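Just below is one structure, and these are the notes that go with it.
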Amino acid sequence: MQQFAVVATHSISQPESEAGSATAVVQLVDAAGTALMPPVQVYGNSLPAVVAELEASRRPRWVFDSVHDWYPGLLSAGVRIERVHDLGLVRAILRNAPYAEPGGYIDSVRALADPSTAAPAHLLPPARVSENQGELFSEPKDQAGALENVLEEFRAQRAAVPETERGARLGLLLAAESAGALIGAEMTHAGVPWDVAEHHRLLAEALGERVPAGVRPPRMEELAAQLRALLDAPGLNPDSPAELLKAMNRAGIAVSNTRAWELTEIKHPVIEPLLAYKKIARLATANGYAWVDRWVHEGRFRPEYIVGGVVTGRWASHGGGALQIPHQVRSAVRADAGKVLVVADAAQLEPRILAALSRDDALATAARGQDLYQGIADAGFGGDRAHAKIAMLGAMYGATTGESGRLMPKLKATYPRAVGLVEWAAAQGEAGAPVATYLGRGTPEVPAAWRQAKSRASSESEQRAVETEGRSRGRFTRNFIVQGTAAEWALCWMGELRRRLNAGRTAGIETGELVFFLHDEIMLHVPAEQAETVVELVHASARAASELLFGQIPVDFPVTAVVVDSYDQAK
DNA sequence: GTACATCGCGCG
DNA sequence: AAAGCGCGCGATGTAC
């Protein structure tokens, strides 16, 4: 029998509350929400002990208002849990889920303020019982009330998932999203192993000796002096695009902005040192000494992951720009002695997802094997891989002009189902209609401003603005179904991998830890002797994820997994 | 002083 | 070489 351990926390209590008064209450219930034993009162800082005891004896699915708020404290106390249902994450998905059972709960959730326009969580005061819950349920006056609120929402969420094939998919999404919350917190807890000495070495190599904050590093200062001389602009601050643009125009360089890629087109002596300056200036400001001081502690970089933080279901992150670690500094991501990094990524995930979504057998055939773009090239682009790739990316992103636009008719003739699906999604968006991922994550409602402008636009210029916005919405919905379903595949991949790692750990094998995730790429920090075992688990998890989502279909989702000492050695 | 917009560039 | 999608973040500059 499936058991759930519902955790309710009092509105004013946080994990570090004083001993003496109950800070939380835990209730074990069955799938119908019926109590299986008397509620357990949690006093002071004893939540980890209570959770550890129940986890060991019952293996329940835990029900938390927010894993992001509560799991870090448990991890710090050495307590891990296997399965969870995160009320907040589930609420956010159900809000826009087209397959959700209509009813009072869904209506009330949809009536809540749009979370995508709310302030970021880290800028808000400490959470109450649950974000937004004050609007859903009356503020609880005691523990019993808090517990009843959580139980009621839990029951309502379960009831909102219909017992249909689509409902089963939605249920999988909710479970995967919740598991993701555990994984995100566990990755933050583990941290990415970071070699500060190596990072300092590469900074010194590029920028020159370290100087105090606020002083321009030596190599940048040298280049700045060259730029001032070449542009005959003695006071120029090259960090200011406006100043730089003026100085370049004065020197007779006809540009309208200072973007690096546009500068490469221009023939002028200043371009080379300017591009060199931009390159190292970026390193210095984004991932320089200040970054290391601020974000790396005890040899670990610990970004916070915001599960479902992107509209499509991708993860966002907070702190240190974790999702943009430049290739330039990846040599500083280095395994501890005796350990290695296992770096794995799903090859060309999005077009493969499109093949699965659209059941396009021709595209599935091209996707057989490691290089999908070469497969497309051989099928219809005279073996020209570059053209095949541009065409495919254009189809998924909505390119209409240039190379990509010209290649579209050919792509559509070769893969009518795949291209037809993304064109349908774009048409939905242009019409102001929603679309959904394979597992049922729906697009947010259309911004009210556009909806109103659509019905009111009178002048020709207003009409044009509305149409431009519509095409933009179409590109968004076109990409949403692909990017969002790819995010679901990746979530299932990690979830499957986590289960296997945990099973290994239970069996006494130190399988190491997931330490980093980036859309279609994962990194593990593992004992060297377990590397090959973990590589196998990574592959097995990818196969399991593909089948979990799509069942038996003729689309391959190959992953590459390499064993390295440092991140720069991967691909 | 804070808040916000813009530019530019890093990642998938 | 970017374009067409999705992000985070630092420096600068302006408004209040």
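So that the names make sense, note that chain A is the first sequence line, chain B the second, and so on, each numbered from 1. This is a predicted model, so every value here is computed, not measured. FYI, side chains are in, hydrogens and waters are out, and symmetry mates aren't considered; it's all heavy atoms of this structure.
- Exactly one residue among A:Glu488, A:Glu350, A:Glu177 makes a salt bridge (charged side-chain N to carboxylate O under 4.0 Å, His left out) with A:Arg314. That residue is A:Glu350.
- By the 30° and 60° cut-offs, the orientation of the rings of A:Tyr567 relative to A:Phe516 is perpendicular.
- In this pair, A:Trp489 and A:Trp493 present their aromatic rings tilted. The plane angle is within the 30 to 60° band.
- C:dG4 adopts a syn glycosidic conformation, its chi angle falling within 90° of 0.
- The environment of CZ in A:Arg451 is sparse: at most 12 heavy-atom neighbours from other residues, nucleotides or ligands sit within 6.0 Å.
- In this structure, CG of A:Asp520 is placed 8 Å from P of B:dG12, rounded to the nearest angstrom.
- Rounding to whole angstrom units, CD of residue A:Gln324 and P of B:dC11 are separated by 9 Å.
- Contact annotation for A:Phe476: backbone-only contact, meaning every heavy-atom pair under 4.0 Å involves sugar-phosphate atoms and none involves a base.
- The residue A:Ala286 sits apart from the nucleic acid: no heavy atom pair falls under 4.0 Å.
- Under 4.0 angstrom from either OP1 or OP2 of B:dG8 there lies no side-chain N or O belonging to A:Lys278.
- With A:Arg352 contributing its side chain and A:Ala347 its backbone, the two residues share a donor-acceptor pair below 3.5 Å.
- Between the CZ atom of A:Arg334 and the CD atom of A:Glu198 there is a distance of 5.5 Å, given to the nearest 0.5 Å.
- Heavy-atom contacts from other residues, nucleotides or ligands closer than 6.0 Å to NZ of A:Lys278 number more than 12.
- B:dG12 atom P lies 14 Å from atom CD of A:Gln348, rounded to whole Å.
- Taking atom CG on A:Asn287 and atom P on B:dC9, their separation rounds to 15 Å, with Å as the unit.
- For the P atom pair drawn from C:dA1 and B:dC9, the interatomic distance equals 15 Å after rounding to whole Å.
- Direction change of the helix axis from one end of the helix from B:dG1-C:dC16 to B:dG12-C:dC5 to the other is 0°, with five pairs defining each end axis (rounded to 10°).
- Remark: A:Arg169 qualifies as a cation-pi partner of A:Tyr438 under the 6.0 Å distance and 45° angle criteria applied to the six-membered ring.
- Among the heavy atoms of the strands, none lies under 4.0 Å from A:Arg471.
- Nucleic acid contact class of A:Gly321 (heavy atoms, under 4.0 Å, all strands): sugar-phosphate only.
- For the P atom pair drawn from C:dA3 and B:dC7, the interatomic distance equals 14 Å after rounding to whole Å.
- Residue A:Gly320 is in sugar-phosphate contact alone, with no base atom involved, counting any heavy-atom pair closer than 4.0 Å across all strands shown.
- Using a 4.0 Å heavy-atom cutoff across all strands shown, A:Arg475 reaches sugar-phosphate atoms only and no base atom.
- Look at CD1 on A:Ile280: it is 16 Å from C1' on B:dG10, rounded to the nearest Å.
- The residue A:Gly313 sits apart from the nucleic acid: no heavy atom pair falls under 4.0 Å.
- As a whole-Å value, the separation of A:Leu518 CG from B:dG10 P is 15 Å.
- Residues from residues 232-269 of chain A with heavy atoms under 4.0 angstrom of DNA chain B, sorted by number: A:Pro241, A:Asn257, A:Thr258, A:Arg259, A:Ala260.
- Sparse packing is recorded around CD of A:Glu272, with 12 or fewer heavy atoms of other residues, nucleotides or ligands lying under 6.0 Å away.
- Aromatic ring pairs are classed by plane angle as parallel below 30°, tilted from 30° to 60° and perpendicular above 60°; the pair A:His200 and A:Tyr289 is tilted.
- Within the nucleic acid shown, A:Leu349 has no heavy atom closer than 4.0 Å to any nucleic acid atom.
- Atoms CG and CG, on A:Leu514 and A:Leu497 in that order, are 5.0 Å from each other to the nearest 0.5 Å.
- Taking the 5' to 3' direction, DNA chain C first and last meets chain A under 4.0 angstrom from a heavy atom at C:dA2 to C:dG13.
- Side chain of A:Arg385 to main chain of A:Ala377: no donor-acceptor pair is present (N/O by atom type, distance under 3.5 Å, no hydrogens or angles).
- Remark: C1' of B:dG12 and CH2 of A:Trp493 are 13 Å apart, rounded to the nearest angstrom.
- For the pair A:Arg228 and A:Glu221, the salt-bridge criterion is met [side-chain N within less than 4.0 Å of a carboxylate O].
- Across the C1' atoms, C:dG4 and B:dT6 are found 22 Å apart, a figure rounded to whole Å.
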